[in-house]
Amino acid sequence: MLNLIVATGNLHKMEEMHSFLDGLPILLKSMKDFAKFPDIEETGQTFEENVKIKARICFDFFKQPVLADDSGLEVLALDNEPGVYSARYAGPGANDQDNNRFLLHKMKGLQGEKRKARFVCTLCYKDRQIEKIFTGTTEGMILEEYKGRQGFGYDPLFYIPEIGKTYAQLSTEQKNAFSHRGKALRKLVHFLEQKRYLALPES
Ligand code: ITT
């Protein structure tokens, strides 16, 4: 069994990871399951810089294998905003609703192709020997109105033309099948299997 501490305070990310990794020999805990956990400041300019900061601080604190996730939305017509600022787009302390409203405001008047966006998820697995990055992206469009009630963050505005639904109209399992996070997690699992970290005990 691989014991993995996830360097996140975002319970929605945890739920998606739990659902994706269900049935594999991985015991997943959020760092917030522990009485003490490190305070992490995301000072990077890119998803990759930030995910490494999270993984390194968490690994140095717990000295156990860790997984970190840095993710966000990039809108083409907004020069890839909100990007690494996705969690705090409307300002410090902003919640999902504030951020969605602010995004709609910034995109007012933009039509058609100008509403193209993509979600990016960068994961970092780190243990004593290995530090490895996995990235997944999903292309979509930003709607002018909310659709769906599931998920979190920008999910009700992120529409995937391929399936005619927003992320928020999908169950966790369905979202994982299409999402940026699901794609990055698939690469992580493939890597861990190749390294035989997920080898089942011989019977
Ligand atoms: P941790 O740093 O503790 O993991 P966080 O929510 O602050 O949690 P990030 O810094 O990676 O995480 O910011 C990610 C933000 O991007 C998140 O708060 C959402 O606003 C957005 N986001 C990322 N993945 C998303 C998804 O699957 N659906 C909707 N919004 C998402």
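Computed over heavy atoms, backbone and side chain alike; hydrogens, waters and symmetry mates excluded. First listed ligand is number 1; within each ligand, the first listed atom is number 1.
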Report, one line per pair, each donor and acceptor closer than 3.5 Å where one atom sits in a side chain of residues 89-104; sequence neighbours left out.
from	atom 1	to	atom 2	distance (Å)
Tyr89	OH	Glu81	OE1	2.5
Asn95	OD1	Gln97	N	3.1
Asn95	OD1	Asp98	N	2.8
Asp96	OD2	Gly153	N	2.9
Asp98	OD2	Asn95	N	2.9
Asn99	OD1	Tyr89	N	3.2
Asn99	OD1	Ala90	N	2.9
Asn99	ND2	Ser86	O	3.4
Asn99	ND2	Ala87	O	3.1
Asn99	ND2	Asn95	O	3.4
Asn100	ND2	Asp96	O	3.1
Asn100	ND2	Gly153	O	2.9

Notebook entry, point to check: Salt-bridged, Glu16 to Lys13, with N to O below 4.0 Å?
Noted result: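 No, Glu16 and Lys13 are not salt-bridged.
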Margin query: Looking at Lys54 and Glu42, is there a salt bridge between them, counting it only when a charged N and a carboxylate O are closer than 4.0 Å?
Written below: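 A salt bridge links Glu42 with Lys54.
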Check: Considering only heavy atoms, which protein residues lie less than 4.0 Å from any atom of ligand 1?
Finding: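 Within the 4.0 Å shell of ligand 1, which is judged on heavy atoms, sit Thr8, Gly9, Asn10, Lys13, Glu42, Lys54, Asp69, Asp70, Ser71, Gly72, Ser86, Ala87, Phe119, Phe152, Gly153, Tyr154, Asp155, Lys175, His180, Arg181.
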Notebook entry, point to check: Relative to the ring of Tyr167, is the ring of Phe158 parallel (under 30°), tilted (30 to 60°) or perpendicular (over 60°)?
Noted result: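 Judged by the thresholds at 30° and 60°, the geometry between Phe158 and Tyr167 is tilted.
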Under 3.5 Å, which donor-acceptor pairs do the side chains of residues 188-195 form with other protein atoms, sequence neighbours left out?
none

In residues 20-39, what donor-acceptor pairs under 3.5 Å come from side-chain atoms, sequence neighbours left out?
from	atom 1	to	atom 2	distance (Å)
Ser30	OG	Thr8	O	3.3
Ser30	OG	Lys32	N	2.9
Asp33	OD2	Ser30	N	3.0

